[in-house]
Amino acid sequence: MPGQKSKSEKGDGEKQLRRDPYEVLGVNRNSTDQEIKSAYRKLALKYHPDKNANDVTAADMFKEVTFSYNILSDTDKRRQYDTAGFEAVESESQELELDLSSLGTVNTMFAAIFSKLGVPIKTTVSATVLEEALNGAVSILPLLLGQSLCRKVEKQCAHFYSVTITEKEAHAGLVCRVSSSDKSKFKLLYFDQEENGGLCLALQEDSSKAGKVTSAGMYFLGFPVYRMDPAHNSATAVKDPDAAFFRKLDGFQPFEITELKAGNHYFAVYGDNFFKSVSYTIEILSTEIFSEEKEDLRSVEAQILSKRVELSKFETEYREVLTQFTEMTSRYAQEMQAIDELLQQRNEIHASYTTAPQIKRSSSSRSKNKATVKEGDDCQGKDKKQSRGERSKKKKWYNLHLKGDKKKPCGMD
């Protein structure tokens with residue numbers, strides 16, 4: 001019909017309507033990862049569905065902002081887009097983060113079930129929490145360096161902390177670590193302070209299982225420190241375990257911030273469980289006395305980066321050898337079958353050297369064999385009949401008649 005468009009035409013139209021991700025986020029092509037993330041957080045908060053109920057325009061803007069950020073926040077996708085535009089980006093594979101606080105009870109329950117089944121579900125910090133922080137409407141608890149504190153935070157809520165460091169402590173480095181002994185899910189957050197006194201989310205680290213606890217940490221040591229994103233290749237692991245192995249270190253990415261300046265700094269622990277609260281322990285440390293550990297960390301992470309390069313080369317060699325192995329295995333099975341068949345034929349030929357009737361013969365020999373067997377059966381039948389006749393005659397000779405004979409008895413002439 002003239003008024004309708006094909007699916008391909010609709011898809012082309014949608015692609016033409018897409019705006020440049022840099023334009024959407026209001027950043028330039030030379031922007032750092034931190035600048036891109038900061039721009040995204042502000043726009044996502046502005047157009048979040050929780051703040052714009054029944055506003056279709058805001059909902060579309062929120063999707064566009066998220067879509068743009070998913071491209072520019074991924075190093076590979078950003079490079080592909082800069083090189084060849086949207087055509088080089090697999091838009092269908094973009095995943096949105098779920099705000100659990102905006103889901104109903106039923107949807108939250110389904111999300112929890114899928115998570116238990118191993119389906120990776122990305123979650124984001126509640127828009128309400130981010131808005132309260134941006135407006136300066138959150139309670140902040142001061143925390144001393146080296147102080148350890150145990151608390152419990154409700155689901156989709158956050159506890160905020162502030163720590164003050166000197167120039168010397170900033171130069172030495174700072175570490176914030178949080179752990180949960182009941183293996184609860186949580187997020188460790190770091191905020192920048194805005195000019196109006198509000199807090200804007202700058203860093204986010206999801207908890208991960210480490211032995212008998214779940215933990216998350218942020219390391220500001222004055223040199224590049226790396227983090228591991230466990231969900232980076234979770235989908236790949238389900239489809240292809242080999243590919244998951246070779247992509248395992250792709251999630252090894254540097255922290256956006258490597259050092260902090262003297263002054264006040266703000267952290268938060270966000271409860272990311274589906275239904276229950278999170279018990280946790282938080283500790284913020286100066287790394288001045290951990291010089292040896294810092295050098296060990298730098299050395300180990302350098303080895304991991306080197307191993308990531310080696311894996312890329314090793315994958316090519318592995319794939320080639322695997323292809324050869326598969327071909328050899330297939331040939332092995334074929335050769336084994338061919339040899340078994342030849343040996344079987346040889347055994348059958350050996351067995352044919354005999355005067356005894358064979359089960360497997362030609363049709364003529366089988367018919368002759370049948371005739372021979374039939375004649376033998378007839379002869380055996382006649383022999384059986386004759387033997388029965390002779391037995392009957394012998395029985396008559398021994399048969400004694402009890403009745404008197406019609407002949408006169410002897411001596412009665």
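Here, residue 1 is the first one in the sequence, and each next residue gets the next number. What you see is a predicted model; the values in this text were computed from it and never measured.
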Of all heavy-atom pairs between H265 and Y190, which one has the smallest distance, and what is that distance? ND1-OH, 2.9 Å
Nearest 0.5 Å, what's the CD-NZ distance between E154 and K276? 12.0 Å
Please report the C-alpha distance between D33 and R78 in whole Å, then the side-chain angles of each, then the deciding distance to 0.1 Å, and finally whether the salt bridge (charged side-chain N to carboxylate O under 4.0 Å, His left out) criterion is met. CA-CA 11 Å; D33 292 339; R78 182 178 180 182; 3.6 Å; yes
Atom CD of Q253 and atom OG of S73: how far apart are they, to the nearest 0.5 Å? 10.5 Å
Taking every non-hydrogen atom, the tightest pair across S277 and K152: OG-CD, 3.2 Å
Apply side chain to side chain contact (heavy atoms under 4.5 Å, CB included) to S148 and T281, showing your working. CA-CA 7 Å; S148 178; T281 301; 3.3 Å; yes
Should T258 and F223 be marked as a side chain to side chain contact (heavy atoms under 4.5 Å, CB included) after you check the CA-CA gap, both sets of side-chain angles, and the distance that decides it? CA-CA 6 Å; T258 60; F223 57 85; over 6 Å; no
Can you give me the closest heavy-atom contact between I349 and S352, atom names plus distance? O-OG, 2.5 Å
So, S162 versus N264: side-chain donor-acceptor pair below 3.5 Å or not? no
Whether Y266 side chain and C200 backbone form a donor-acceptor pair below 3.5 Å: no
Side chains of L174 and L145: closer than 4.5 Å at any heavy-atom pair? yes
Which heavy atom in F186 sits nearest to a heavy atom in S180, and how many Å separate them? CE2-CB, 4.0 Å
Result for ring-ring contact (aromatic ring centres under 6.0 Å, His included) between Y69 and one of Y47, Y40, Y22 points to Y40
Decide whether Y219 and R227 meet the rule of one side-chain donor and one side-chain acceptor closer than 3.5 Å. no
Please test F246 against F314 for ring pair (Phe, Tyr, Trp, His ring centres under 6.0 Å), starting from the C-alpha separation and ending with a verdict. CA-CA 9 Å; F246 290 110; F314 174 56; 5.7 Å; yes
Residues at least two apart in sequence or cross-chain that pass side chain to side chain contact (heavy atoms under 4.5 Å, CB included) with N28, listed by chain then number, are N30, S31
Compare every heavy atom of G217 with every heavy atom of E205, then report the nearest pair and how far apart it is. CG-O, 3.8 Å
Could you tell me whether R19 and E64 have a side-chain N and a carboxylate O separated by less than 4.0 Å? yes
CG on L260 to SG on C176, rounded to 0.5 Å: 10.5 Å
Quick one: do F67 and F62 satisfy ring pair (Phe, Tyr, Trp, His ring centres under 6.0 Å)? Show the steps, please. CA-CA 9 Å; F67 174 76; F62 181 76; over 10 Å; no
Note, K37 side chain near E256 side chain (heavy atom, < 4.5 Å): yes
Under a 4.5 Å cut-off applied to non-hydrogen side-chain atoms, are Q204 and V125 in contact? yes
When you look at V65 and L25, which way does the side chain to side chain contact (heavy atoms under 4.5 Å, CB included) test go after all the steps? CA-CA 7 Å; V65 167; L25 298 182; 3.9 Å; yes
Option passing side-chain contact (heavy atoms from CB on, under 4.5 Å) with S184 (candidates D272, V213, V278, V153): V278
Sub-4.5 Å side-chain heavy-atom contact between T287 and K294: yes
Which donor-acceptor pairs under 3.5 Å do side chains of residues 296-308 form with protein atoms, sequence neighbours excluded?
| unit_1 | atom_1 | unit_2 | atom_2 | d |
| --- | --- | --- | --- | --- |
| S299 | OG | Q303 | NE2 | 3.4 |
| E301 | OE1 | Y226 | N | 3.2 |
| E301 | OE2 | Y226 | N | 3.4 |
| K307 | NZ | E310 | OE1 | 3.2 |
| R308 | NH1 | L249 | O | 3.4 |
| R308 | NH1 | F252 | O | 2.8 |

Is it true that K168 and E288 have a side-chain N and a carboxylate O under 4.0 angstrom from each other? yes
I need the full list of salt bridge (charged side-chain N to carboxylate O under 4.0 Å, His left out) pairs touching residues 123-149, with sequence neighbours left out, sorted by first then second residue. K51-E131
Please check: side-chain N/O of N196 versus main-chain N/O of G198, any donor-acceptor pairing under 3.5 Å? yes
Taken to the nearest 0.5 Å, the spacing of D242 CG from R247 CZ works out to 11.0 Å
Distance, nearest 0.5 Å, that separates CD1 of I257 from CG of L203: 4.0 Å
Over all heavy atoms of both residues, which pair between L188 and A216 is shortest? Give the atoms and the distance, please. CD2-O, 3.9 Å
Taking the side chain as everything from C-beta on, heavy atoms only, tell me whether F245 gets closer than 4.5 Å to E315. no
Is it the case that the side chain of N273 and the backbone of K185 share a donor-acceptor pair, with hydrogens and angles ignored and the cut-off at 3.5 Å? yes
Would L342 and D340 count as a side chain to side chain contact (heavy atoms under 4.5 Å, CB included) here? Give the steps. CA-CA 6 Å; L342 291 173; D340 289 343; over 6 Å; no
With no hydrogens and no angle check, is any side-chain donor or acceptor of S330 less than 3.5 Å from a backbone partner on E327? no
With a 4.5 Å limit on heavy-atom distance, are the side chains of T66 and N70 in contact? yes
Are the side chains of L144 and I284 in contact, using a 4.5 Å heavy-atom criterion? no
With a 6.0 Å cut-off on ring centres, are F267 and Y161 close enough? no
Listed once per pair and sorted, the ring-ring contact (aromatic ring centres under 6.0 Å, His included) pairs that draw on residues 277-309, sequence neighbours left out: H159-Y280
So, E169 side chain and T166 main chain: donor-acceptor pair closer than 3.5 Å or not? yes
Rounded to the nearest 0.5 angstrom, the CE-CG distance for M228 and D250 is 9.0 Å
Does some side-chain heavy atom of L141 sit less than 4.5 Å from a side-chain heavy atom of R151? yes
What residues form a ring pair (Phe, Tyr, Trp, His ring centres under 6.0 Å) with F191, not counting sequence neighbours? F160
For the pair D20 and Y81, evaluate side chain to side chain donor-acceptor pair (under 3.5 Å) and give the outcome as yes or no after the intermediate values. CA-CA 10 Å; D20 179 22; Y81 173 78; 2.6 Å; yes
Pairing residues for D82 by the salt bridge (charged side-chain N to carboxylate O under 4.0 Å, His left out) criterion, not counting sequence neighbours: R29
